[in-house]
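Numbers restart at 1 for each chain; the letters A, B, ... are given by sequence-line order, proteins then strands. As the structure is a computational prediction, the values presented were derived from the model and not from experiment.
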Protein chains: 2
Amino acid sequence: MKIDPSNPADLSAQIAGAIRDAIISGGLIVDERLPSEAELAEQFDVSRPTVREALKRLAAQSLIRTQRGATGGAFVNRLSFEAAQPQQITTSTLLLSMNAVSFETACEARYALERACAPLSAARRTPDHLATMRAEIHRQSQPGLTDEAFCASDVAFHRALVDGAGNPVLSYQLAGAVEAMQPLMNMITFTARDRARIIALHTDIADAVEAGDGPTTLSALTALETETQDLAHSVFAARAARS
Amino acid sequence: MKIDPSNPADLSAQIAGAIRDAIISGGLIVDERLPSEAELAEQFDVSRPTVREALKRLAAQSLIRTQRGATGGAFVNRLSFEAAQPQQITTSTLLLSMNAVSFETACEARYALERACAPLSAARRTPDHLATMRAEIHRQSQPGLTDEAFCASDVAFHRALVDGAGNPVLSYQLAGAVEAMQPLMNMITFTARDRARIIALHTDIADAVEAGDGPTTLSALTALETETQDLAHSVFAARAARS
DNA sequence: CGGGTTCTAATTGTCTGGCATTTGAATCGC
DNA sequence: GCGATTCAAATGCCAGACAATTAGAACCCG
């Protein structure tokens with residue numbers, strides 16, 4: 001692991017990159033302890049604060065964790081799906097909000113990905129997943145629910161559907177796509193009739209999943225996408241006309 | 001933006017979190033300049049190195065960029081899909097390598113997601129995407145290609161397919177799933193006959209995409225998944241028997 | 001008056017040295 | 001032997017300073 005002092009890039013970035021490469025390539029294995037900050041400083045011929053900045057960069061990506069005390073130090077983290085999801089969600093949310101992605105594009109992506117999970121979920125979902133879906137449908141039908149709460153329940157419903165596929169890779173990827181849509185969905189006001197339609201389609205999906213019927217799940221999801229797109233279209237059109 | 005000195009968490013982590021929240025909530029907008037390190041140190045009542053550690057954490061997530069000089073400082077980054085992809089790929093790769101995800105699970109997720117893009121790609125791909133796919137097929141048929149190069153070309157082919165959908169959200173999400181599979185694919189040795197089968201299926205996919213035929217693209221993709229799974233199964237079985 | 005040059009101030013990047021805090025382990029007393 | 005104490009190692013944090021970079025202001029000269 002070497003760095004180039006004449007490189008215009010920050011030393012801390014170079015050091016972080018070197019350590020990251022070592023982790024990715026397998027040179028450093030999970031739970032292995034890195035040299036102490038003082039030792040790293042000597043190895044790379046930089047000061048301790050510079051090493052610390054590099055370690056903070058890695059900590060921000062959950063690649064390492066630090067522990068104080070006698071046997072403390074920096075340790076290579078086992079990157080778990082649970083730990084990676086919040087980061088994934090944050091990044092996805094910011095990507096949508098900062099890049100003027102249209103509702104249409106985001107919605108299309110989300111439903112396309114969900115349809116990828118639907119047949120698997122219909123085949124493998126546990127009773128738990130199904131119970132979560134039913135519970136969220138019930139919550140959505142409560143009167144007096146705010147639009148935000150309705151959207152949050154919608155997200156929970158769809159995440160249960162995705163998790164039902166029993167594939168952690170899919171759950172991880174979809175978490176970003178599904179959660180990132182929430183701020184966009186929150187821009188929509190749902191009338192009672194809109195909610196009733198959505199709840200009916202959710203029920204169709206839950207029924208199809210319960211029956212293990214992949215194709216019906218797919219068509220219900222597609223109907224829900226159409227419904228959502230139409231709803232968003234009319235809401236945005238009305239808003240544009242009013243202003 | 002406030003921090004709690006008695007909080008057991010690192011001050012730099014708290015500060016980074018406070019600034020991150022400000023960015024997510026819209027309190028700080030794209031390209032806005034943050035206060036200088038000295039000013040932030042005063043605001044949060046910490047030292048400059050601590051502020052710097054916080055800023056490095058944010059820089060590691062591409063949330064800010066820094067610039068030296070008179071009008072320099074830290075600026076809120078516009079998180080672009082291009083900038084986010086390498087991070088997404090790194091994380092996905094580590095998730096697979098560190099969590100003993102089976103080839104089967106990863107492969108299933110990848111092809112499920114790809115199938116989500118396939119109909120869209122068949123409908124919208126530009127001549128560029130098609131040309132890339134054909135070029136990669138051609139490369140794959142070159143004799144003397146190493147297994148690594150073959151896999152890399154395979155990834156490029158599939159990324160072109162995904163990008164053909166013309167949906168940046170999908171491309172972003174899929175980049176992680178497709179690229180992360182490469183290390184797993186590299187564990188497989190491809191015989192000439194294996195390659196010929198894969199190339200034939202790639203050609204089927206390219207033909208279907210060129211014809212704008214979504215269903216055929218789907219079935220070709222499914223055939224490719226089956227082929228890949230069978231291949232991996234036999235390779236791993238042979239390896240297990242030998243040892 | 002215009003254009004190029006120099007100067008200056010602001011800001012980040014880095015270093016030195018130090019102290020505080022935490023925490024496991026060794027040591028000592030019983 | 002066992003518990004309490006001490007110790008040492010490591011991270012967390014701070015103060016101050018200097019170097020490097022950069023944009024703009026001031027200045028000089030034709």
Side-chain angles (χ1 to χ4, degrees), chain A residues 1-20 22-23 28 31-77, chain B residues 1-20 22-23 28 31-77:
Chain A
M1 296 199 297
K2 286 285 161 53
I3 58 170
D4 175 15
S6 67
N7 194 309
D10 292 359
L11 291 179
S12 67
Q14 290 184 54
I15 294 171
I19 297 176
R20 178 166 37 241
I23 293 174
L28 292 168
D31 289 336
E32 183 172 347
R33 183 182 175 280
L34 273 68
S36 72
E37 296 176 353
E39 287 169 336
L40 286 172
E42 196 176 357
Q43 276 186 33
F44 288 112
D45 198 26
V46 297
S47 69
R48 224 190 104 201
T50 303
V51 167
R52 281 181 62 79
E53 288 179 6
L55 294 179
K56 296 307 177 192
R57 295 181 109 111
L58 298 174
Q61 299 175 299
S62 303
L63 290 180
I64 63 169
R65 63 180 182 279
T66 57
Q67 198 178 342
R68 296 177 69 169
T71 59
F75 298 83
V76 178
N77 242 343
Chain B
M1 293 199 301
K2 287 284 160 52
I3 58 170
D4 174 15
S6 69
N7 194 307
D10 292 359
L11 291 179
S12 66
Q14 290 183 56
I15 294 171
I19 298 175
R20 177 166 38 240
I23 294 175
L28 292 167
D31 290 336
E32 182 172 346
R33 183 182 175 281
L34 274 68
S36 72
E37 295 176 353
E39 287 169 336
L40 286 172
E42 197 176 355
Q43 276 187 33
F44 289 112
D45 198 28
V46 297
S47 69
R48 223 191 107 202
T50 303
V51 167
R52 282 183 61 77
E53 288 178 6
L55 294 179
K56 295 307 176 194
R57 295 180 109 110
L58 299 174
Q61 299 175 298
S62 304
L63 289 180
I64 63 169
R65 63 180 180 279
T66 56
Q67 197 178 344
R68 296 175 70 168
T71 59
F75 299 83
V76 178
N77 243 342

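Summarising the geometry, atom CG belonging to Leu63(B) is positioned 11.0 Å from atom CG belonging to Leu55(B); distances are rounded to the nearest 0.5 Å.
If you take CD of Glu53(A) and P of dC13(D), they are 14 Å apart, rounded to a whole angstrom. Across the protein-nucleic acid pair, Leu40(A) atom CG and dT11(D) atom C1' stand 13 Å apart, rounded to whole Å. Rounding to whole angstrom units, CZ of residue Phe44(B) and P of dC13(D) are separated by 14 Å.
No engagement by Arg65(A) is indicated, since no non-hydrogen atom pair under 4.0 Å with the nucleic acid exists.
Open room surrounds CD on Glu42(B); 12 or fewer heavy atoms of other groups in view lie less than 6.0 Å from it.
Panel note: side chain Arg48(B), backbone Leu40(B); no donor-acceptor pair is recorded below 3.5 Å. Remark: side-chain polar atoms of Arg52(A) are not paired, donor with acceptor, to backbone N or O of Ser47(A) under 3.5 angstrom. Of the possible polar contacts, none joining the Glu37(B) side chain to the Val51(B) backbone as a donor-acceptor pair under 3.5 Å is found.
Heavy-atom distances to DNA chain C give each of Pro49(A) and Gly72(B) a nearest nucleotide, and the one nearer the 5′ end belongs to Gly72(B). Between Ser47(B) and Leu34(A), the residue anchored nearer the 5' end of DNA chain D, judged by the nucleotide with its closest heavy atom, is Leu34(A).
Screening Asp31(B), Ile19(B), Ile23(B) for a side chain to side chain contact (heavy atoms under 4.5 Å, CB included) involving Val76(B) leaves a single residue, Ile23(B).
Between Gln61(A) and Ala60(B), the closest heavy-atom pair is NE2-O, 3.6 Å. The nearest pair of heavy atoms linking Arg20(B) to Leu58(B) is NH1-CD2, 3.8 Å.
With a cutoff of under 4.0 Å to any heavy atom of chain A, the contacted region of DNA chain C is bounded 5' to 3' by dG13(C) to dG24(C).
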**Request:** Test side chain to side chain contact (heavy atoms under 4.5 Å, CB included) on Glu53(A) and Asp10(A) and set out the steps.
**Result:** CA-CA 10 Å; Glu53(A) 288 179 6; Asp10(A) 292 359; over 6 Å; no
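A donor N or O paired with an acceptor N or O is found under 3.5 Å between the base of dG12(D) and the side-chain atoms of Arg48(A).
Residue Thr50(B) places at least one side-chain N or O closer than 4.0 Å to OP1 or OP2 of dC14(D).
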**Message:** Can you build the contact string for nucleotides 19-25 of chain D? Use B for base contact, S for sugar-phosphate-only contact, and - for no protein heavy atom under 4.0 Å.
**Reply:** -BBBB--
